[in-house]
Amino acid sequence: MDAVPHAVDPQRVADHGSAVMRLVEEIFPLVEGFYVDLHKNPELSHQEKRTAKAVAEWLSRAGYEVETGIGSTGVVGVLRNGEGPTVLLRADMDALPMAEKTGLPYASTAHAVGPDGAEVPIMHACGHDAHTACLVGVADLLSESRDHWSGTLMIVAQPAEETVDGASGMLADGLYERFGRPDIALAQHLGPQPAGMVAHRAGVMMAASTTLHVRVFGTGGHASQPDTTVDPVVLGANIVTRLQTVVSRETSPSEMAVVTVGRFQAGSAANIIPDEAYLEINTRALNDHVAGRLHAAIERIVRAEAAASGAPREPEVTVVQQTGITRNSPPDTRSVASAHRAYFGDGYVVDLPEPFSGSEDFGEFGLPGDPNPVPYVFWFVGATPHDVWEAAPGATPYEKLAGVPSNHSPFFAPDREPTLRAGLGALTIAALTYLGAAANAAAETRQAEPAAFEPVLPAADTGGYPSEAQHPAPAAPAAVPAAEDPAEDEVESTQDADMAVLLAEEDDDDSGPRPGGGYAGYGGQWDSGAAAPGGRPGWDSGADPAAEPGGPFPEPSDDAGYDLAPPPYSQGGGYPAGPPQGSPVSAPPPPGPDDPPYRL
């Protein structure tokens, strides 16, 4: 691999994407059912056996070479389609040890035994169920549209992102040696932005993170005679207090740094002074220098407080989790963001002015520190229902972000249909940004719509994205010939579908209609009561609220203002459903005899 393949023209990518996404109406009910099932049946890090089994079955039916058990429970699928680059698409599969409080009809009630041996509730509170559902959906879509691209697809379903050791585990298990080294790696993540919005950032996207376990030792005794003891509770409390000064007094105000003590355990009764205390500390930083100084400060403070307390032995400080900065390739981020704009429209794609303090291990697939690293692009897909967003307090997008349920909240409930549709489109378009470079001429002649505009890419050293002025309003889409039987193309939305249907096991017979309905085209309505094409859930009418005085959303701008004016998802018209494409599973099979039981 001498160089990253040159990305194709953004509008050409959008045209290819529109052709590929014509098939989405056939597959969307299956993707949605898969998502609902994963949400109802989450699994903890390194326990994703049921999820991995379902992913492997889907990829196998779609024609991929599949191997399981990579880095514990990881799944890899490879599809070779002629000459061209190797593109890695990744999704994470694990959930969190927390109880769900969304009230959804498919809310999780699952429990499992955690690493410490205690039983815990489990919830997909970070969107990994949507990531995985979109991944297998895109894998299927691209398998069924091989005449529109050329190259090799590497589908990676990763375990244990929440413990930030899943990516490194897959690499240590020979991911690149066994399946080939990719030319580009791509991934997405749900966020609290409005559902359907895509957010990019070149360069640093997410923070480095370190988790440390600290054990301090004292001399136990009776609570009535503290003078005969060395109290580890007081010692631990002094550590917690002193650690707050690491950010406030040892870090420059121009730098982002976080030090959080998330766990403090000591003692068993009020009248007993214990002989040890236990703390878990988490740090975040946006550059390696600050991350190193945070770690050094924690070590210094823990040991100094132990010495000041007269502790009988040295404390134990152990790094148990660590991941580096997620740093997107700037030129590749610009290429993917431009293709997303050409497909979704400017109003649905924003540039983030600053990185997130959250952390990810996706950057490990880029081989940081390697003399020939793999470039990667990581972006966010909004998931907040539009009525929830509009009702959130605040006048600016950032004020509203603080008022909606975010990742790791027990109330995190993505707006199912628009979020999945945006995820399917975003990941497909990103893959075609590279794989579409070698698509054959026959695919070009089948495009339903002419190129609407030619976006102007910024210079490579500007670090910015195309501005709105560089994107003239698209031309009206070409008319799409009506189907012989219009009733077959009018597929009812699944937004309010009967969940019993979505949760039912899919029969392998492919001759009948798909359960759960679908969506009648990218330019159509989401809600039958909407007054205009493109109307968004939660709006009282099809009117553009951004155009009304005092509307809740600002106009599009270069400072990442969120605009929810309703351009269609793609800049083409509605498409009839594509031809049948086999029968990928709509939901994973029930647990086998070797799988842990679920309490549902």
**Q.** Trace of the side-chain contact (heavy atoms from CB on, under 4.5 Å) decision for W389 with L401
**A.** CA-CA 8 Å; W389 177 266; L401 281 173; 3.7 Å; yes
Q) For W379 and L186, what are the C-alpha separation, side-chain angles and deciding distance, and is it a side-chain contact (heavy atoms from CB on, under 4.5 Å)? A) CA-CA 9 Å; W379 64 90; L186 305 167; 4.1 Å; yes
(Q) Please determine whether side-chain contact (heavy atoms from CB on, under 4.5 Å) holds for the pair D165 and H46, giving the CA-CA distance in whole Å, both sets of side-chain angles, and the decisive distance to 0.1 Å. (A) CA-CA 10 Å; D165 62 345; H46 295 296; 3.2 Å; yes
(Q) side-chain contact (heavy atoms from CB on, under 4.5 Å), that's the test. Do L427 and L89 meet it? Break it down for me. (A) CA-CA 8 Å; L427 196 57; L89 305 182; 4.1 Å; yes
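To the nearest 0.5 Å, atoms NE2 (H189) and CE (M206) are separated by 6.0 Å. For the atom pair CG of L432 and CG of L142, the computed distance is 5.5 Å after rounding to the nearest 0.5 Å. Rounding to the nearest 0.5 angstrom, the gap separating the CG atom in L88 from the CZ atom in F365 is 6.5 Å. Rounded to the nearest 0.5 Å, atoms OH (Y106) and CG (D37) are 12.5 Å apart. In this structure, CE in M98 is found 11.0 Å from OG in S108, a value given to the nearest 0.5 Å.
F28 carries R421 over the face of its six-membered ring, with the cationic atom under 6.0 Å from the centre and within 45° of the normal.
In this structure, F380 and F356 have tilted ring planes: the angle between them lies in the 30° to 60° band.
Not a single donor-acceptor pair under 3.5 Å links the side chain of T251 to the backbone N or O of M256. Looking at N328, its side chain never comes within 3.5 Å of a backbone N or O of P330 through a donor-acceptor pair. In this structure, the side chain of H340 engages the main chain of A426 through a donor-acceptor pair within 3.5 Å. In this structure, the side chain of H408 does not engage the main chain of A125 through any donor-acceptor pair within 3.5 Å. Judged purely by atom type and a 3.5 angstrom limit, E48 uses its side chain to pair as donor or acceptor with the backbone of A160. Looking only at distances, a side-chain donor or acceptor of K400 sits under 3.5 Å from a matching main-chain atom of A392.
Side chains of T333 and R201: a donor-acceptor N/O pair is absent below 3.5 angstrom, by distance only. Inspection of the D94 and H124 side chains reveals no N or O donor paired with an N or O acceptor under 3.5 Å. Checking H39 against D129 by side-chain atom types alone, a donor-acceptor pair falls below 3.5 Å. T51 and E43 share a donor-acceptor pair across their side chains, judged by distance under 3.5 Å alone. Between the side chains of D415 and H386, not a single donor N or O lies within less than 3.5 Å of an accepting N or O. The closest side-chain donor-acceptor pair between T211 and N282 falls under 3.5 angstrom.
A pairwise comparison of heavy atoms in V246 and V259 identifies CG1-CG2, 4.3 Å as the closest pair. Between A413 and T102 the shortest heavy-atom distance is CB-CG2, 3.9 Å. Considering every non-hydrogen atom in both M205 and L352, the closest pair reads CE-CD1, 3.9 Å. In plain terms, the two heavy atoms of A383 and T419 that are nearest each other are CA-OG1, 3.4 Å.
Between V350 and H200 the shortest side-chain heavy-atom distance does not fall below 4.5 Å.
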